[in-house]
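Report on one structure; see the data block that follows.
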Amino acid sequence: MPGISGTKGRDQRPGCDRLCRGFARREFDQVAAWSVDRLGRSLQDLVGFLGELHAKGVDLYLHQQGIDTGTPADKAMFQMLGVFAEFERAMIVERVKAGLSRARSQGKRLGRRPVGEAVVARIREQLATGSGIVKTAKVLGVGTGTVHRIKREMSAVAA
């Protein structure tokens, strides 16, 4: 399930969804994961995932923690690790929010630097000549989102 945050639900994690469909079809009898936080960051999601596994008779092995949920003690340990994973996620969110708040209070500008008027004018010229969005962005060294935004603004003015 690499590449997609554990904070996302199963419906937004294609690898997790394939895994769940696989054990629902009883294609395997044990799931191995590196760590509990790779499975999810919400205790509710983790307990639900473990419940689905056990309903199908599939055990879970967590390499980093050395836990095999086939035993009652390890099952309880898995749930405790889930609590800590959820707590860790909440702490990360709080630290990020505090850092952003501190930066704002110090007068720092957050986000990307604004595109200068000269660049905006050149983007408009390129688009007016029929140049594509990707080509315009590449030629002028800006993101495609910036070119899309300016093109939308041009369309709104024209309408």
Salt bridge (Lys or Arg N to Asp or Glu O under 4.0 Å): pairs with one or both residues in residues 92-106, sequence neighbours excluded =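 Sorted result for residues 92-106: empty, none.
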Residue pairs fulfilling salt bridge (Lys or Arg N to Asp or Glu O under 4.0 Å) with at least one residue in residues 113-137, sequence neighbours excluded =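 Those involving residues 113-137 are R124-E153.
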Return all side-chain donor-acceptor pairs below 3.5 angstrom for residues 66-74, not counting sequence neighbours, or 'none' if the list is empty.
{"residue": "D68", "atom": "OD1", "partner": "G70", "partner atom": "N", "Å": "3.2"}
{"residue": "T69", "atom": "OG1", "partner": "H54", "partner atom": "NE2", "Å": "3.3"}
{"residue": "T69", "atom": "OG1", "partner": "L60", "partner atom": "N", "Å": "2.9"}
{"residue": "T69", "atom": "OG1", "partner": "L60", "partner atom": "O", "Å": "3.4"}
{"residue": "T71", "atom": "OG1", "partner": "D74", "partner atom": "N", "Å": "3.2"}
{"residue": "T71", "atom": "OG1", "partner": "D74", "partner atom": "OD2", "Å": "3.4"}
{"residue": "D74", "atom": "OD2", "partner": "D68", "partner atom": "N", "Å": "3.2"}

ask   = Who passes side-chain contact (heavy atoms from CB on, under 4.5 Å) against V83, sequence neighbours left out?
value =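 Partners of V83 under the side-chain contact (heavy atoms from CB on, under 4.5 Å) test: L43.
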Answer yes if [X] and [Y] sit in the same cluster of Ile, Leu, Val, Met, Phe, Trp and Tyr residues linked by side chain heavy atoms under 4.5 Å apart, and no otherwise.
X    : Y    : result
V119 : M154 : yes
V93  : L100 : no
V139 : I123 : yes
L140 : L127 : yes
L110 : V96  : yes

message = Any heavy-atom pair between the side chains of L39 and L62 that's under 4.5 Å?
response =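 Side chain of L62 against side chain of L39, heavy atoms only: contact under 4.5 Å found.
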Rounded distance (nearest 0.5 Å) linking atom CZ of R21 with atom CG of D17 =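 Going from CZ on R21 over to CG on D17, the span is 4.5 Å.
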query = Which residues satisfy the side chain to side chain donor-acceptor pair (under 3.5 Å) test with T136, sequence neighbours excluded?
reply =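 Scan of T136 (side chain to side chain donor-acceptor pair (under 3.5 Å), adjacent residues dropped) gives S131.
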request  = Provide the closest heavy-atom pair for G57 versus R26 in the form atom of the first, atom of the second, distance.
outcome  =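 Scanning both residues, the minimum pair turns out to be N-NH1, 4.5 Å.
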Would you list the atom pairs, donor with acceptor, under 3.5 Å between side chains in residues 27-35 and any protein atom, with sequence neighbours excluded?
{"residue": "E27", "atom": "OE2", "partner": "R25", "partner atom": "NE", "Å": "2.7"}
{"residue": "E27", "atom": "OE2", "partner": "R25", "partner atom": "NH2", "Å": "3.0"}
{"residue": "W34", "atom": "NE1", "partner": "Q64", "partner atom": "OE1", "Å": "3.4"}
{"residue": "S35", "atom": "OG", "partner": "D37", "partner atom": "OD1", "Å": "2.9"}
{"residue": "S35", "atom": "OG", "partner": "Q65", "partner atom": "NE2", "Å": "2.9"}

